[in-house]
Amino acid sequence: MYLAKVTCALVSTTKHASLNGCKLLVVARLDENHQPTGTAQVAVDCVGAGNGEIVIVTTGSSARMSNSKEHSVIDAAVVGIVDALVSNA
């Protein structure tokens with residue numbers, strides 16, 4: 001899992017059947033200082049995240065299990081919305 005910032009929503013009229021009805025987001029991975037790294041990825045939104053929010057993204061088989069559809073092609077999924085980032089410094 002990693003932290004990312006939602007940069008925009010993505011609309012795709014033609015996609016794999018397992019993605020029908022799924023909201024797709026473009027997310028930018030964050031570094032340890034909570035700054036975007038420049039690496040963007042498309043993720044399925046499982047929690048109703050919005051543009052500009054910091055989210056928790058999971059990948060691989062964990063992402064595929066986040067969707068109830070069998071044989072899903074999901075490789076990244078937004079599974080949480082961050083309310084606050086607290087430093088222990």
Side-chain angles (χ1 to χ4, degrees):
M1 286 191 284
Y2 62 88
L3 293 179
K5 186 171 188 173
V6 178
T7 59
C8 63
L10 181 110
V11 177
S12 175
T13 55
T14 304
K15 56 191 169 226
H16 191 271
S18 68
L19 296 175
N20 287 338
C22 294
K23 181 179 169 187
L24 301 176
L25 299 174
V26 177
V27 297
R29 192 176 197 138
L30 300 180
D31 64 16
E32 62 276 358
N33 297 314
H34 313 126
Q35 299 301 311
T37 63
T39 304
Q41 184 171 22
V42 176
V44 172
D45 182 16
C46 298
V47 293
N51 197 25
E53 290 189 299
I54 296 177
V55 295
I56 302 168
V57 177
T58 189
T59 58
S61 61
S62 297
R64 278 187 291 285
M65 286 189 252
S66 67
N67 187 348
S68 60
K69 297 177 184 178
E70 199 170 316
H71 305 296
S72 177
V73 296
I74 296 171
D75 188 49
V78 174
V79 295
I81 300 172
V82 175
D83 294 322
L85 295 168
V86 180
S87 174
N88 287 342

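- Remark: Ala40 engages Val26 in a side-chain contact (heavy atoms from CB on, under 4.5 Å) (not counting sequence neighbours).
- Clustering of Ile, Leu, Val, Met, Phe, Trp and Tyr by side-chain heavy atoms under 4.5 Å joins Val11 with none of the others.
- Minimum heavy-atom separation, Ala77 to Cys46: CB-SG, 4.1 Å.
- Listed by first then second residue, pairs satisfying salt bridge (charged side-chain N to carboxylate O under 4.0 Å, His left out) with a partner in residues 32-45 read Lys23-Asp45, not counting sequence neighbours.
- With Thr39 contributing its side chain and Arg29 its backbone, the two residues share no donor-acceptor pair below 3.5 Å.
- Through chains of ILVMFWY side-chain contacts below 4.5 Å, Leu25 is grouped with Tyr2, Val6, Val27, Val47, Val55, Val57, Val78, Ile81.
- Under a 3.5 Å cut-off, the side chain of Thr7 and the backbone N or O of Ala28 do not form any donor-acceptor pair.
- In this view, Asn33 and Asp31, Gln35 satisfy the side-chain contact (heavy atoms from CB on, under 4.5 Å) rule, not counting sequence neighbours.
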Inset, instruction - Decide side-chain contact (heavy atoms from CB on, under 4.5 Å) for Glu53 and Val82; before the verdict, give the C-alpha distance in whole Å, the side-chain angles of both, and the deciding distance to 0.1 Å. - result: CA-CA 8 Å; Glu53 290 189 299; Val82 175; over 6 Å; no

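- If you chain together hydrophobic residues whose side chains sit under 4.5 Å apart, Met1 and Ile74 never meet in one group.
- The line from NE2 of His34 to CG of Leu85 is 4.5 Å long, rounded to the nearest 0.5 Å.
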